[in-house]
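Nothing here was measured: the structure is a model prediction, and the numbers come from that model.
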Amino acid sequence: MEYFAFQWHITEACDQRCKHCYIYALGSHAKFQEMALEDMVRVIENCQAFCRKAGRLPYFYLTGGDPILHPQFWQLAGLLKARGLPFAILGNPFHLTDDVCQKLRDHGCRKYQLSLDGLRETHDRIRRPGSYDETLAAIPLLRRAGIHVALMATVSKWNVQEIPALVDVAVEHQADIFAFARYCPSQADRDTTCSPLEYRALLEACWEKFQAYEAAGCPTTFSRKDHLWTLFLYEKGLFHIDETLDPDTIYDGCNCGNCHMTILSDGAVYACRRMESKVGNALTDDLYDLFTGPAYEAYRQYDQFEKCAKCELLRFCRGCPAVAAGYHGSPYAPDPQCWKEVP
């Protein structure tokens, strides 16, 4: 049975003030929201009910803010452990010690994702002074506890030239996974995004490093998280369209409306956290009815994609609708970093 991913923002509390953060972009850092324990119990039960109906297994990605800062974090972790529910954390390095990491592992935490948004000066400018070194120092703590470590970069004009160097940093510091995703701009700061050719050049540079490290037997996994990797590999002749596949079925690409749900600290359900896409509330709605209903279906109108619908890779790629929504105002607009020309 396959997993269904719930990205669950249990608190907005955070030690950083990142330039690309959704929370601080809204100016809400003076009034953190956090979900009450009784509401977290209700969310768990609703997610389990959803998965029973959908024939899936729940997998929680606890995040925030920094989820460890929630005053009832360990009670929540205990609830997940008692129900046999695995989870990962998307968080900060600042409150991790050997004891904390071992306690996380004992409660069922399988993976911890840390952010690395450039080399030291760039990363610290984006996040906070000292954060670069603290992030790298957390990796051995997590690995000693048996927790997989993922390093994730958010790509923008601020750091695009340094992303290939971060591949080397990830390998040197024995991260289990390295990945990057693109910054989702607003229409007011669209100049922070890369051009299509800049972005393709980044993929080429990283691909060469991935290939070299994999050939050498490097244990780090290099995630091709961005769906434009599909286009990149297609042009290189390394991704092939199976002509026997159903032409009306979506096989890969953006998970928005597909196998993912975001729950915020007030219970709001989003089809994707990276764009304004509120579809309901996990405290009051039946999540299965919500997921199969019209609010979610609005994000599965694949024939509405202005550019992708005319592309042979529609069923496998679709770029990033959240980046398109930020840049153009619509998730169905062309991905601003897609370099492919279509009729």
Side-chain angles (χ1 to χ4, degrees), residues 3-16 18 21 23 32-48 51 57-116 127-128 130-152 170 173-179 219-221 223 261-265 267 273 282:
Y3 283 108
F4 187 95
F6 297 94
Q7 182 176 317
W8 189 3
H9 298 247
I10 63 174
T11 180
E12 293 181 345
C14 187
D15 295 314
Q16 304 198 85
C18 304
C21 180
I23 296 171
F32 289 131
Q33 290 186 2
E34 60 191 25
M35 185 172 283
L37 183 60
E38 59 269 26
D39 288 339
M40 292 194 289
V41 173
R42 188 178 310 163
V43 167
I44 293 173
E45 292 173 347
N46 288 349
C47 291
Q48 287 186 290
C51 287
L57 295 172
Y59 194 104
F60 292 98
Y61 289 85
L62 304 182
T63 187
D66 188 347
I68 288 180
L69 294 179
H70 192 295
Q72 281 82 45
F73 171 79
W74 291 109
Q75 289 97 313
L76 171 61
L79 289 171
L80 295 174
K81 179 182 178 180
R83 294 172 185 240
L85 299 173
F87 66 94
I89 291 181
L90 317 180
N92 291 333
F94 311 123
H95 304 283
L96 298 179
T97 64
D98 276 316
D99 288 343
V100 168
C101 292
Q102 188 58 57
K103 192 175 180 181
L104 285 171
R105 186 68 182 90
D106 291 343
H107 280 77
C109 180
R110 297 183 178 180
K111 181 173 71 173
Y112 201 107
Q113 180 176 296
L114 296 162
S115 294
L116 202 65
R127 292 187 173 266
R128 83 171 196 186
S131 175
Y132 179 87
D133 290 326
E134 291 174 280
T135 296
L136 296 181
I139 296 175
L141 304 180
L142 291 160
R143 286 178 54 84
R144 278 198 295 270
I147 298 174
H148 280 76
V149 180
L151 289 182
M152 167 64 76
H173 290 270
Q174 299 183 310
D176 296 285
I177 302 166
F178 174 78
T220 300
T221 297
S223 171
M261 186 176 290
T262 296
I263 301 170
L264 302 190
S265 54
R273 182 62 183 101

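At least one side-chain heavy atom of Phe73 sits under 4.5 Å from a side-chain heavy atom of Leu104. Counting only heavy atoms from C-beta outward, the side chains of Asp98 and Arg144 approach each other to under 4.5 Å. Contact of the Cys47 side chain with the Phe60 side chain is registered, since non-hydrogen atoms from C-beta on lie closer than 4.5 Å. Within the 4.5 Å cutoff, the side chain of Arg42 has heavy atoms near those of the Asp39 side chain. Contact annotation: the side chain of Leu80 never approaches that of His107 to less than 4.5 Å [non-hydrogen atoms, C-beta and beyond]. Between Ile89 and Tyr112 the shortest side-chain heavy-atom distance falls below 4.5 Å.
Using modelled atom types, no side-chain atom of Thr11 and backbone atom of Gly64 make a donor-acceptor pair closer than 3.5 Å. Proximity of a side-chain donor or acceptor of Gln33 to a complementary backbone N or O of Glu12 within less than 3.5 Å is not detected. A distance-only check finds a donor-acceptor pair linking the side chain of Arg143 to the backbone of Gln174 [under 3.5 Å]. The backbone N or O of Met35 lies less than 3.5 Å from a partner atom in the side chain of His70, making a donor-acceptor pair. No side-chain donor-acceptor contact under 3.5 Å links Tyr61 to the backbone of His9.
The two atoms that bring Pro93 and Ala138 nearest to each other are CB-CB, 3.7 Å, heavy atoms only. Here the closest heavy-atom approach between residue Pro58 and residue Cys51 is recorded as N-SG, 3.5 Å. Heavy-atom minimum distance, Ala282 versus Val43: CB-CG2, 4.2 Å. The nearest pair of heavy atoms linking Met40 to Trp8 is O-CH2, 3.4 Å. The two residues Pro86 and Gly84 have their closest heavy-atom pair at CD-O, 3.6 Å. Across all their heavy atoms, Val100 and Thr97 have their closest contact at N-OG1, 3.1 Å.
Rounding to the nearest 0.5 Å places SG of Cys101 at 5.0 Å from CG of Leu141. To the nearest 0.5 angstrom, Ile10 atom CD1 is 12.0 Å from Ile263 atom CD1. If you take CG on Leu114 and CG on Asn92, they are separated by 8.0 Å, rounding to the nearest 0.5 Å. Expressed to the nearest 0.5 Å, how far CD of Glu38 lies from CD of Gln72 amounts to 8.5 Å. Residue Thr262 holds its OG1 atom at 10.5 Å from CZ of Phe6, rounded to the nearest 0.5 Å. Here Leu142 contributes atom CG and His148 contributes atom NE2; the two are 11.5 Å apart, rounded to the nearest 0.5 Å.
For the residue pair Arg273 and Gln7, no side-chain donor N or O sits within less than 3.5 Å of a side-chain acceptor on the partner. Using modelled atom types and a 3.5 Å distance limit, the side chains of Asp106 and Gln102 yield a donor-acceptor pair.
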Exercise. List the steps and the verdict of salt bridge (Lys or Arg N to Asp or Glu O under 4.0 Å) for Lys111 and Asp176.
Key: CA-CA 9 Å; Lys111 181 173 71 173; Asp176 296 285; over 6 Å; no

Quiz item: Going through the checks in order, is the side chain to side chain contact (heavy atoms under 4.5 Å, CB included) test met by His95 and Leu69?
Solution: CA-CA 9 Å; His95 304 283; Leu69 294 179; 3.3 Å; yes

Exercise. Using the side chain to side chain contact (heavy atoms under 4.5 Å, CB included) rule, take Gln48 and Leu85 through it: C-alpha gap first, then chi angles, then the decisive distance, then the call.
Key: CA-CA 9 Å; Gln48 287 186 290; Leu85 299 173; 3.9 Å; yes

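Annotation for His173: atom NE2 counts as buried by contact number, over 12 foreign heavy atoms lying within 6.0 Å.
Cation-pi geometry between Arg128 and Phe94 is met: under 6.0 angstrom from the ring centre, within 45 degrees of the axis.
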